[in-house]
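Take a look at the structure set out below.
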Amino acid sequence: MEPMDIVGKSKEDVSLPKATMFKIIKEMLPPDVRVARDAQDLLVECCVEFINLISSESNEVCNQEDKRTIAPEHVIKALQVLGFGEYIEEVYAAYEQHKLETLDSPKGGKWTAAAEMTEEEALAEQQRMFAEARARMNGTSIPKQLDSDRSIES
């Protein structure tokens, strides 16, 4: 793949954070092993090319299924098609771990709590949020009823 094959980006525009990559490289090796700067740069370039390869093949798999969004299943299939089947189990385990960690995050928790609401609860929450936004916009205080509802939730 030529450097300009990356959807209108030049080679300099598409890269990985070198400091992070160097840290990963260092963590993977014994402490007494040193890696030349040229070798580190080459490893970073290899990672970029690998990501481009997997992304491109994932897109092909996605298109074959008439989908518009690349899903994790498309990436797994792309690994298989490209001959990286031996890594699929480890990749899938990392993906499952990522999903678990994401659910525990504040963002993930917010959405799971919203999904457990009844329609009436969601409507009441929406109305409360609209009233709060309106009050902030108008520079007034939050209506008493909404303020007491809020303390019940906490």
Side-chain angles (χ1 to χ4, degrees), residues 1-133 136 146 149-150 152-154:
M1 179 179 292
E2 291 297 315
M4 289 304 290
D5 286 349
I6 307 167
V7 191
K9 302 277 185 179
S10 70
K11 183 178 177 184
E12 292 78 32
D13 292 340
V14 181
S15 187
L16 295 170
K18 288 189 179 192
T20 303
M21 294 301 298
F22 294 162
K23 182 179 176 195
I24 292 170
I25 293 166
K26 187 176 178 182
E27 288 175 358
M28 297 302 296
L29 299 172
D32 60 330
V33 174
R34 293 178 40 162
V35 181
R37 182 66 70 175
D38 289 353
Q40 290 178 352
D41 291 340
L42 179 59
L43 284 168
V44 170
E45 290 302 316
C46 288
C47 290
V48 169
E49 287 302 315
F50 181 75
I51 291 168
N52 289 335
L53 179 67
I54 298 296
S55 299
S56 178
E57 186 61 36
S58 298
N59 187 47
E60 289 295 319
V61 170
C62 181
N63 287 336
Q64 289 170 359
E65 295 180 9
D66 291 326
K67 304 284 184 180
R68 295 187 57 176
T69 303
I70 297 173
E73 298 76 32
H74 299 133
V75 176
I76 300 287
K77 174 79 181 210
L79 286 169
Q80 185 69 46
V81 168
L82 292 169
F84 295 105
E86 64 196 65
Y87 297 103
I88 290 176
E89 191 174 314
E90 191 173 339
V91 168
Y92 190 76
Y95 170 60
E96 289 297 317
Q97 181 65 34
H98 170 74
K99 286 195 318 190
L100 289 173
E101 290 170 2
T102 304
L103 283 176
D104 291 341
S105 73
K107 184 176 182 181
K110 179 176 110 178
W111 290 109
T112 54
E116 295 172 1
M117 284 184 188
T118 65
E119 189 174 341
E120 292 80 22
E121 290 171 333
L123 183 60
E125 177 68 9
Q126 182 183 35
Q127 293 302 321
R128 183 189 67 74
M129 292 168 69
F130 282 152
E132 282 183 10
R136 280 194 305 272
L146 292 173
D149 290 348
R150 187 181 211 182
I152 293 170
E153 291 174 3
S154 302

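We number each residue from 1, following the sequence as shown. No experiment lies behind these values; they were computed from the predicted model shown.
Interatomic distance, CZ of Phe50 versus CD of Glu45, reported as 15.5 Å (0.5 Å rounding). Note that OG1 of Thr69 is 10.5 Å distant from CG of Asn59, once rounded to the nearest 0.5 Å. A distance of 10.5 Å separates CG of Leu79 from CD of Glu86, quoted to the nearest 0.5 Å. The line from CD1 of Ile54 to CZ of Phe84 is 5.5 Å long, rounded to the nearest 0.5 Å. Interatomic distance, Asp38 CG to Leu43 CG, rounded to the nearest 0.5 Å: 11.0 Å. The distance from atom CD of Gln126 to atom CD of Glu121, rounded to the nearest 0.5 Å, is 14.0 Å.
Contact annotation: the side chain of Gln80 approaches that of Ile88 to within less than 4.5 Å [non-hydrogen atoms, C-beta and beyond]. Annotation: side chain of Asp41 is in contact with side chain of Phe22 (closest heavy-atom distance under 4.5 Å). Proximity of Leu53 to Glu57: side-chain heavy atoms (C-beta onward) are nowhere separated by under 4.5 Å. With a 4.5 Å cut-off on side-chain heavy atoms, Val61 and Glu65 count as touching.
Taking all atoms of both residues into account, the shortest heavy-atom contact from Cys62 to Ile70 is SG-N, 3.9 Å. Nearest heavy atom pair, residue Met21 against residue Cys47, reads CE-SG, 3.4 Å.
Remark: the Gln97 side chain and the Glu101 side chain contain an N/O donor-acceptor pair separated by less than 3.5 Å.
Thr102 places a side-chain N or O within 3.5 Å of a backbone atom of His98 that can act as its donor or acceptor partner.
For Glu73 and Lys77, the salt-bridge test fails: no basic side-chain N is under 4.0 Å from an acidic carboxylate O.
Taking a 6.0 Å sphere around CD of Glu27, one finds it holds more than 12 heavy atoms contributed by other residues, nucleotides or ligands.
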